[in-house]
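FYI, side chains are in, hydrogens and waters are out, and symmetry mates aren't considered; it's all heavy atoms of this structure. Numbers for residues simply follow the sequence, beginning at 1. Everything quoted here is computed from the prediction, not taken from an experiment.
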Amino acid sequence: IGRTDTVVRGESAARFTAVDRSTGTVTGSVDVVRDYHVRHFLPYGSGVAAYTLPDGGTTSRPDGGTVYRYALQPLDMATGALLPAVATDLRDADAMGDGRIAVAVGDVPSGRLAVVDGTGTVQPVAHLPRVGHQSLDVGLSGGTVVTSLQGEVGLWSSLSSHVTVEVLA
């Protein structure tokens, strides 16, 4: 599936075009009008999902900061409509290259990693270690979890190599 930017009825949109890899034949396309909820798109299963910030997806922290709770919503590849979320309370999401999406979920105090397969099943992988600071971003490098943290002394990155992420390897 390829993406190009376009305009539909005067609004910014993304056009997704599916191509049969063996024949090079276009098998379909759909235009998705962007609104303020959509942050970006990710390959998902045999289609596409939108990483969105739903209405009410922010809460204030006691220190004056903001917590953002994103959702992963598949697209209806026939109409371009957003379907109900398959994962919510997300802090980060990244395509794994095989139709699955790795997500950092904020539903437990320290956060956890999970994988959303192309059918909407969310498979928990590991809880992140409790380090006493807010995790801002989570990444994966060869089975090692890397997280950026915010604390009293500013921002830094930390390896959390004791977290096993066999599902992602």
Partners passing side-chain contact (heavy atoms from CB on, under 4.5 Å) against [X] (at least two apart in sequence or in another chain):
X    : value
A49  : Y44, L72, I101
T119 : D117, T121
T23  : D20, T25
D94  : none

Please, which pairs that meet ring-ring contact (aromatic ring centres under 6.0 Å, His included) have at least one residue in residues 93-117, sequence neighbours excluded?
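Residue pairs with at least one partner in residues 93-117: there are none.
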
- Query: ring-ring contact (aromatic ring centres under 6.0 Å, His included): which pairs involve residues 64-120, sequence neighbours left out?
  - Reply: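 Pairs touching residues 64-120 that pass the test: Y51-Y70.
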
What pairs of donor and acceptor atoms, side-chain ones from residues 78-87 against any protein atom, are under 3.5 angstrom apart with sequence neighbours left out?
unit_1 : atom_1 : unit_2 : atom_2 : d
T79    : OG1    : A81    : N      : 3.2

Taking the side chain as everything from C-beta on, heavy atoms only, tell me whether [X] gets closer than 4.5 Å to [Y].
X   : Y    : value
V67 : T58  : no
M77 : V48  : yes
M96 : V115 : yes
L75 : V32  : yes

Could you pull out all residues at least two apart from F41 that satisfy ring-ring contact (aromatic ring centres under 6.0 Å, His included)?
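For F41, the residues satisfying ring-ring contact (aromatic ring centres under 6.0 Å, His included) (neighbours in sequence not counted) are F16.
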
Any residue meeting ring-ring contact (aromatic ring centres under 6.0 Å, His included) with H37, in chain and number order, not counting sequence neighbours: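 Once residues adjacent in sequence are excluded, H37 has no partner under the ring-ring contact (aromatic ring centres under 6.0 Å, His included) criterion.
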
Sequence neighbours excluded, which residues qualify as salt bridge (charged side-chain N to carboxylate O under 4.0 Å, His left out) partners of D55?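 For D55 there are no salt bridge (charged side-chain N to carboxylate O under 4.0 Å, His left out) partners, ignoring immediate neighbours.
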
Notebook entry, point to check: For D31, which residues count as a salt bridge (charged side-chain N to carboxylate O under 4.0 Å, His left out) partner, sequence neighbours excluded?
Noted result: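 For D31, the residues satisfying salt bridge (charged side-chain N to carboxylate O under 4.0 Å, His left out) (neighbours in sequence not counted) are R15.
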
Could you list all the salt bridge (charged side-chain N to carboxylate O under 4.0 Å, His left out) pairs where at least one residue sits in residues 64-84, not counting sequence neighbours?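 Pairs touching residues 64-84 that pass the test: R69-D89.
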
Self-check item: Gap separating the CZ atom of R39 from the OG1 atom of T52, nearest 0.5 angstrom
Solution: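 The distance works out to 8.5 Å.
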
Could you report the tightest heavy-atom contact between V105 and A114, atom names first, then the distance?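 Heavy atoms only, the tightest pair is CG2-CB, 4.2 Å.
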
Closest heavy-atom pair and its distance - A71, L90: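 Reported closest heavy-atom pair: C-CD1, 4.0 Å.
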
